[in-house]
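Structure first, commentary second.
All chains are named by letter (A, B, ...) in the order of the sequence lines, taking the proteins before the strands, and each is independently numbered beginning at 1. A quick note: this is a predicted structure, and the numbers were derived from the prediction, not measured.
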Amino acid sequence: MLDLKAIRERPEWVDARLKTRGGRHDLTAFFALEADQRAMRATTEGLQARRNEISKLIGQMKAKGGDASALLAEMGELGPRLKEHEVALRAKEEAVQEELARLPNLPAEDVPVGPDESGNVVVRSWPEGFSGNATELNHWDIGERLGILDFQVAAETLGARFTFFRGDGARLIRALTSFMLDLHTREHGYEEILPPFLANKESLFGTGQLPKFEEDLFCLRDDPFYLIPTAEVPLTNMVRGQIVDEAVLPLKFTAWTACFRREAGAAGRDTRGLIRQHQFDKVELVWITRPEESMAALESLTLHAEEVLKRLELPYRTVALCTGDLGFASAKTYDLEVWLPGQGRYREISSCSNTLDFQARRMKARLRRVESKAVEPVHTLNGSGIAVGRTLVALLENFVQPDGSVTIPDALRPYMGGQARIEMRGR
RNA sequence: GGAGAGAUGACCGAGCGGUUGAAGGUGCACGCCUGGAAAGCGUGUGUACUCUAACCAGUACCGAGGGUUCGAAUCCCUCUCUCUCCGCCA
């Protein structure tokens, strides 16, 4: 949520920043609505002040046994009028909040301006000088042939966009997860969290999935919960409604969770394979920081995610998203894209964002300064560290051997009981 | 699922329906005192919003939402959560 006071101070600038995202936002109408609301507030509060004053006088009058009938008469007239004003004001306030909650975050100053993903900028790639090779072998072919991915069973039992991992496939997912969590907890200083996979409306509003993107979420029928689309939701909401001491920041959380997405708007895209599933595993990274350190934190967080790919020897590049490609809550985002030989191109495997105080305002997450005791919103960041299913895709396509087996990178072998390759198993 | 108890400020904890944003304590900040510290004494110490250049002033908030009343932290209703006991259960 944008800071109402701040955007009121320079509406033209805000309007211009929002326009770089490409969406349409009628700020003129919004500001008119908001000014209207403030006028209503002024008159309502005036009436409330009068009511309080009269009530006080009546109390004093009665205490001395005086005659309060004139005051009671005024109240009889003022009461209903005040009620009307209060009801109208509340409706107006809700309208303002509704509109405000639908405005996306403002892109940071150093975000490249562009209309869509074509405007994104590659900031670095690894290994240096790498030029991708393309192969005929898709991960789904490799995986099915090895017997570690079963799309057939998934399709028959559930339908599209689900997978049964079998044998070494299931074990690889588990190994990758452990490897990533160990890296982040032991070397990058994160606290490991195992959060609930369900979240309520308040949490989803806090991180920005609601109210705008409800159609992307799985919702329970009989209880007021949604399946989480990312661990960003529970992890960031750990500070919802809190005033944390400045001294405890930054908080750094990492978690493995399954993630659930309806992919409502993605019909027909990536229908084969693991790339776009209704359920997938992801290790997430979340920081809660002081405002002045959040941009540096984004660089650190991104490097932590990159380290996963380096250790797994997977070629990737880091891309700065342009204004038109930024997510709703994000002010600045780096995507990590891993090279997939089977597709002959880079695909997103991590997205690291600084939302500044945008989510913090929505969830009322604040810090108290040690020196001044002042209270202000924290900054929140999140990034995949990294998407486990897509990592498996990258392993299969990058490390497949001519005989159809797949070698396991050194860093992962301890997590596979020393196993060096995935081979055909008779079933 | 059944029965009971509770939800007040950073924390503990009072609060006959009226001048309570909320006693008292703890903590914290500043000052006095001291060679320095402790103790002691004094002062201050919620969040959000409106108005203002600023000061001042005003409004809302005592789990959430309704209601009664001239007036509700205090009375009534609903819900949520926490705790205890019983049942069930991984």
Side-chain angles (χ1 to χ4, degrees), chain A residues 1-10 30-101 194-206 210 220 222-226 234 237-249 251 288 357-378:
Chain A
M1 193 136 63
L2 298 177
D3 180 358
L4 187 52
K5 270 187 187 166
I7 66 175
R8 235 164 54 197
E9 274 169 25
R10 38 181 189 168
F30 171 74
F31 282 120
L33 187 71
E34 199 274 330
D36 203 16
Q37 182 246 149
R38 261 181 299 136
M40 290 171 74
R41 176 188 299 282
T43 57
T44 304
E45 289 188 352
L47 292 176
Q48 286 173 326
R50 181 58 187 158
R51 177 203 54 197
N52 293 344
E53 191 183 359
I54 296 175
S55 294
K56 214 168 270 188
L57 288 173
I58 291 174
Q60 287 169 1
M61 200 69 89
K62 291 214 164 158
K64 323 181 200 161
D67 176 21
S69 58
L71 292 167
L72 285 171
E74 180 179 352
M75 197 64 112
E77 185 273 328
L78 184 142
R81 197 151 57 92
L82 174 57
K83 193 80 184 172
E84 278 174 34
H85 276 82
E86 284 178 337
V87 169
L89 172 60
R90 188 188 304 186
K92 185 69 75 170
E93 281 173 338
E94 278 168 11
V96 169
Q97 286 305 309
E98 175 97 357
E99 290 303 309
L100 190 59
L194 180 55
F197 292 7
L198 302 182
N200 60 16
K201 270 197 158 57
E202 289 74 22
S203 290
L204 288 155
F205 179 84
L210 290 180
L220 301 199
D222 293 329
D223 294 285
F225 298 123
Y226 296 80
N237 274 281
M238 284 172 74
V239 293
R240 172 156 55 92
Q242 292 194 29
I243 301 178
V244 300
D245 202 285
E246 177 185 12
V248 310
L249 300 178
L251 295 170
I288 314 293
D357 62 3
F358 186 82
Q359 293 179 327
R361 284 184 192 285
R362 293 172 81 94
M363 65 176 85
K364 296 185 171 39
R366 292 161 294 178
L367 64 88
R368 187 182 301 281
R369 292 291 185 179
V370 171
E371 284 300 313
S372 64
K373 304 293 177 197
V375 173
E376 60 186 297
V378 297

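Applying the salt bridge (Lys or Arg N to Asp or Glu O under 4.0 Å) criterion to A:E34, with sequence neighbours excluded, gives A:R8, A:R38. Annotation: side-chain hydrogen bond (donor to acceptor under 3.5 Å, both in side chains) contacts of A:R51 (sequence neighbours excluded): none. Contacts of A:R361 classified as side chain to side chain contact (heavy atoms under 4.5 Å, CB included), with partners at least two apart in sequence or in another chain: A:M1, A:D3, A:D357, A:P377. With sequence neighbours left out, A:Y226 forms a ring pair (Phe, Tyr, Trp, His ring centres under 6.0 Å) with no residue at all. By the salt bridge (Lys or Arg N to Asp or Glu O under 4.0 Å) test, A:E94 is found to be paired with no residue, residues two or more places apart in sequence or in another chain being considered. Scanning for salt bridge (Lys or Arg N to Asp or Glu O under 4.0 Å) contacts around A:E77 gives A:R81, with sequence neighbours left out.
Taking the nucleotide of RNA chain B with the nearest heavy atom to each of A:K5 and A:R366, the more 5' of the two is matched to A:R366.
Taking every heavy atom of both residues into account, A:R240 and A:N200 meet most closely at NH2-OD1, 3.7 Å. Contact between A:V378 and A:A360 at its shortest, heavy atoms only, is O-CB, 3.1 Å.
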| Taking it one step at a time, do A:E53 and A:R50 satisfy salt bridge (Lys or Arg N to Asp or Glu O under 4.0 Å)? | CA-CA 5 Å; A:E53 191 183 359; A:R50 181 58 187 158; 3.3 Å; yes
| query | Stepwise, does the side-chain contact (heavy atoms from CB on, under 4.5 Å) test hold for A:Q48 with A:E86? | reply | CA-CA 9 Å; A:Q48 286 173 326; A:E86 284 178 337; 2.9 Å; yes
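The closest side-chain heavy-atom distance from A:R41 to A:K92 is not below 4.5 Å. A:N237 is not listed as a side-chain neighbour of A:F205, based on a closest heavy-atom distance of 4.5 Å or more.
A heavy-atom distance below 4.0 Å to RNA chain B is reached by these residues of residues 74-91 of chain A, ordered by number: A:M75, A:R90.
Straight-line distance from the CD atom of A:E34 to the P atom of B:rC49: 12 Å, rounded to whole Å. Rounded to a whole Å, the CD atom of A:E246 is 18 Å from the P atom of B:rC28.
With a cut-off of 3.5 Å on both pairing distances, the Watson-Crick and G-U wobble pairs of RNA chain B assemble into stems of 3 or more at B:1-7 with B:80-86, B:10-12 with B:24-26, B:27-32 with B:40-45, B:46-50 with B:57-61, B:63-67 with B:75-79.
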Every protein N/O within reach of nucleotides 15-19 of chain B N/O, cut-off under 3.5 Å:
from, atom 1, to, atom 2, distance (Å)
B:rG18, N2, A:S55, O, 2.8

If you restrict it to nitrogen or oxygen atoms, what contacts under 3.5 Å exist between nucleotides 8-10 of chain B and the protein, and what is each distance?
none

Between the protein and nucleotides 75-80 of chain B, list the N/O to N/O atom pairs that are separated by less than 3.5 angstrom.
none

| note | Heavy-atom contacts, protein to nucleotides 57-64 of chain B, under 4.0 Å, summarised as B (base), S (sugar-phosphate only) or - (none) per nt, yield -BBS----
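For the P atoms, the distance linking B:rU50 with B:rA39 amounts to 42 Å, nearest Å.
OP1 or OP2 of B:rU50 has at least one side-chain nitrogen or oxygen of A:R8 nearer than 4.0 Å.
With 3.5 Å as the limit, one finds no donor-acceptor pair spanning the side chains of A:N52 and A:S55.
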